[in-house]
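Below is one structure, written out as structure tokens; comments come after it.
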Number of protein chains: 2
Amino acid sequence: MSTHHYYQLQGYFRELIELKTLKSGSKLPSEREIGEQFKLTRVTVRQALQNLEAEGLIYRQNRKGWFVTPPAVVYNPSSHLSFNLYVTEQGFVPHTEKLMQQIEPANAYIAQLMNIPEHAPVLYLHRRRYINQRPVLIEKMYINTRLLPGIEKEDLTQSLSQLLKNNYQREYRDMDLVFKSTSLPSSAADDLGISAGQPGLHIERINYTADKQVLEVDYEFWRHDAVTINIAIRD
Amino acid sequence: MSTHHYYQLQGYFRELIELKTLKSGSKLPSEREIGEQFKLTRVTVRQALQNLEAEGLIYRQNRKGWFVTPPAVVYNPSSHLSFNLYVTEQGFVPHTEKLMQQIEPANAYIAQLMNIPEHAPVLYLHRRRYINQRPVLIEKMYINTRLLPGIEKEDLTQSLSQLLKNNYQREYRDMDLVFKSTSLPSSAADDLGISAGQPGLHIERINYTADKQVLEVDYEFWRHDAVTINIAIRD
DNA sequence: TAACCAATCTGGTCTATACCAGTTTAAATC
DNA sequence: GATTTAAACTGGTATAGACCAGATTGGTTA
């Protein structure tokens, strides 16, 4: 319990982080250095670090080191604010990168949702989004090109909600959301530079137009420590 | 990557679970047995098991063994269904245990929310909830006794929404929700029989009456593999 | 039959060590 | 000064072994 070595080490770093002796984003000493300082093996040090990672206090970059987790951004789906907007409003710097884009035939699930024939073309978009230089979110989405003709020719690193508003006079309205706390699939983990198996937050979102048509189906994989979900339910 | 021993072992068990050769709730061989069978050390075996745990496929019971995770229950806060109801509807067996109950003075945050003087009495209730015998959820809540006089004398293992409806002609309506994927605090982990540091889902909920008064402030800690959140946003 | 107890089994924690694969750094070279 | 290259450093993976504490089991005793 409280006397275990890894537990004490967790407490040590937790305090340093809470007192801001270790500041947000700063690097921890290497696992070997910590082990030397506390006369512990790397196995024990890593157990403590992994627990702090699960707590969301620190995170790692592959073969670079361990870092203090920056504050999480608050994501409020019902506000209908774009990623860029709510991240900026909370004092962070957003950035979006397009990893892949292609027109592809809709699978059965997507086709049914969008009320289009199976194999009808939809736009697949794969993006990585950053907060303060840190990759926090992988997005894979299917966009209903029937409702948004020519959208594949636009700059798809920008905010989609802006694009919809400006070019198509459409806005996000109703949405269905599914949240699941689980480890990141290896493809998403790779894209985020995380070792596979790290905990993450999976969000599946279906966006509807004002007239109840499916505009977009979105699969998001967040670093678990990067986001807090905030929802108000009003009947 | 894919050639790593732990990774292959994960694949092995993932397949057994998906094919239902290993059935929901059943026990895996002991870490030592697995190690012997695959000529791996316990460290490696444990890494694979811990990854599968993060994935939500298996879970452990302290010093008892590893078990296949049962299907997650879907929790839809906007449906206003009670725990007992939605768990039952999905074919599981719910059970609630009261761990602690006491009248205590409201702290500043609670008092402000409930619009009562600081230190005014509120009912603190601490419960553990089970799905099919498995503890999945720790609830700590503060109940506004001004709106619900005498509630502390009722049977508080039952559904609160039922109690409110039957005895007070009140119903849950609006609510504010905050979700965060993080490791369970040690108190909650102990209550769930989980080793501290395991990932979990933390939900903070504020329940309002129809006339916008705060009925209850609720802190929930879920096993991360036991629940999926489902929300429909309709403006 | 019921209660107890000891052996055994389980995961939990920990030491010591090794090699690998990317990253960073600093020296050597152009 | 800019570029290349090699050494040093980082976390990632893995072996081998040890002891602990709670859970289970089966036999012994009352």
Side-chain angles (χ1 to χ4, degrees), chain A residues 1-13 26-54 58-69 133-135 183-184 186 189-198, chain B residues 1-13 26-54 58-69 133-135 183-184 186 189-198:
Chain A
M1 311 286 186
S2 45
T3 67
H4 289 311
H5 294 160
Y6 75 89
Y7 192 88
Q8 293 181 19
L9 195 55
Q10 280 171 236
Y12 172 77
F13 281 111
S26 65
K27 188 174 176 303
L28 271 63
S30 76
E31 296 175 357
R32 288 171 177 85
E33 272 182 71
I34 297 170
E36 214 167 306
Q37 186 183 344
F38 290 89
K39 308 272 177 240
L40 297 171
T41 56
R42 264 183 79 205
V43 177
T44 307
V45 172
R46 277 172 71 84
Q47 167 148 20
L49 295 178
Q50 280 165 21
N51 286 351
L52 289 168
E53 180 186 42
I58 63 177
Y59 70 101
R60 52 181 131 176
Q61 287 181 49
N62 206 305
R63 284 169 233 273
K64 287 188 187 171
W66 293 89
F67 301 83
V68 179
T69 308
Q133 259 73 264
R134 181 177 173 232
S183 77
L184 296 168
S186 58
D190 287 348
D191 288 343
L192 289 172
I194 295 177
S195 56
Q198 293 313 308
Chain B
M1 308 298 180
S2 45
T3 67
H4 289 312
H5 294 159
Y6 76 89
Y7 192 87
Q8 293 181 19
L9 195 56
Q10 278 171 238
Y12 174 77
F13 281 112
S26 65
K27 190 175 173 303
L28 271 62
S30 76
E31 296 175 356
R32 287 173 179 83
E33 272 182 72
I34 297 171
E36 214 166 307
Q37 185 183 343
F38 291 89
K39 308 272 179 238
L40 298 171
T41 56
R42 266 183 78 205
V43 177
T44 306
V45 172
R46 278 172 70 83
Q47 168 150 18
L49 296 178
Q50 279 164 21
N51 286 352
L52 290 168
E53 180 185 41
I58 63 175
Y59 71 101
R60 52 181 132 179
Q61 287 181 49
N62 207 304
R63 284 168 231 276
K64 286 187 188 171
W66 293 88
F67 302 83
V68 179
T69 308
Q133 260 73 262
R134 180 177 173 231
S183 77
L184 297 168
S186 58
D190 287 348
D191 288 343
L192 288 172
I194 296 179
S195 55
Q198 292 313 307

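Note on naming: letters A, B, ... go to the chains in the order of the sequence lines (proteins, then strands), and numbering restarts at 1 for each one.
Under the 30°/60° scheme for interplanar angles, the aromatic rings of A/Phe13 and A/Phe38 are found to be tilted.
Remark: B/Gln61 is not in phosphate contact with C/dT10, judged by side-chain N or O atoms under 4.0 Å from OP1 or OP2. Taking 4.0 angstrom as the limit, A/Arg60 places a side-chain polar atom (N or O) nearer than this to OP1 or OP2 of D/dG12. The phosphate of D/dG12 has OP1 or OP2 within less than 4.0 Å of a side-chain N or O from A/Arg46. The phosphate of D/dA14 (OP1 or OP2) has a side-chain N or O of B/His4 nearer than 4.0 angstrom. One finds a side-chain N or O of A/Tyr6 lying less than 4.0 angstrom from the OP1 or OP2 phosphate oxygen of C/dT13.
At whole-Å resolution of the value, CG in B/Leu40 and C1' in D/dA16 are 13 Å apart. Between the P atom of D/dG12 and the CD atom of B/Gln8 lies a distance of 20 Å, rounded to the nearest Å. Atom-to-atom, NZ of A/Lys27 to C1' of D/dT10 comes out at 7 Å; the value is rounded to the nearest Å. Distance A/Glu36 CD to C/dT15 P: 14 Å, rounded to the nearest Å. If you measure from atom CG of A/Asn51 to atom P of C/dG12, you get 12 Å, rounded to the nearest angstrom. The distance from atom CZ of B/Arg63 to atom P of D/dC20 is 13 Å, rounded to the nearest whole Å. The separation between A/Lys39 atom NZ and C/dA16 atom C1' is 15 Å, rounded to whole Å. For the pair B/Glu31 CD and D/dA16 P, the computed distance is 17 Å after rounding to whole Å.
Looking at A/Gln47 and A/Asn51, their side chains come closer than 4.5 Å, going by heavy atoms from C-beta outward. Using a 4.5 Å heavy-atom cutoff, the side chains of A/Val43 and B/Val43 are not in contact.
At the heavy-atom level, A/Thr41 lies under 4.0 Å from base atoms of the strands shown.
Within the model, atoms OH of B/Tyr59 and CZ of B/Arg134 stand 5.0 Å from one another, a figure rounded to the nearest 0.5 Å.
Nearest heavy atoms, A/Thr44 versus A/His5: CG2-CB, 4.0 Å.
Of the candidates C/dC14, D/dT13, D/dC19, D/dC19 carries the atom nearest the B/Arg32 side chain, counting heavy atoms from C-beta on. In this structure, of D/dT10, C/dG12, D/dT15, it is D/dT15 that holds the atom nearest to the side chain of B/His5.
Residues A/Val43 and A/Lys64 each lie close to DNA chain C; by heavy-atom proximity, the contact nearer the 5' end of the strand is made by A/Val43.
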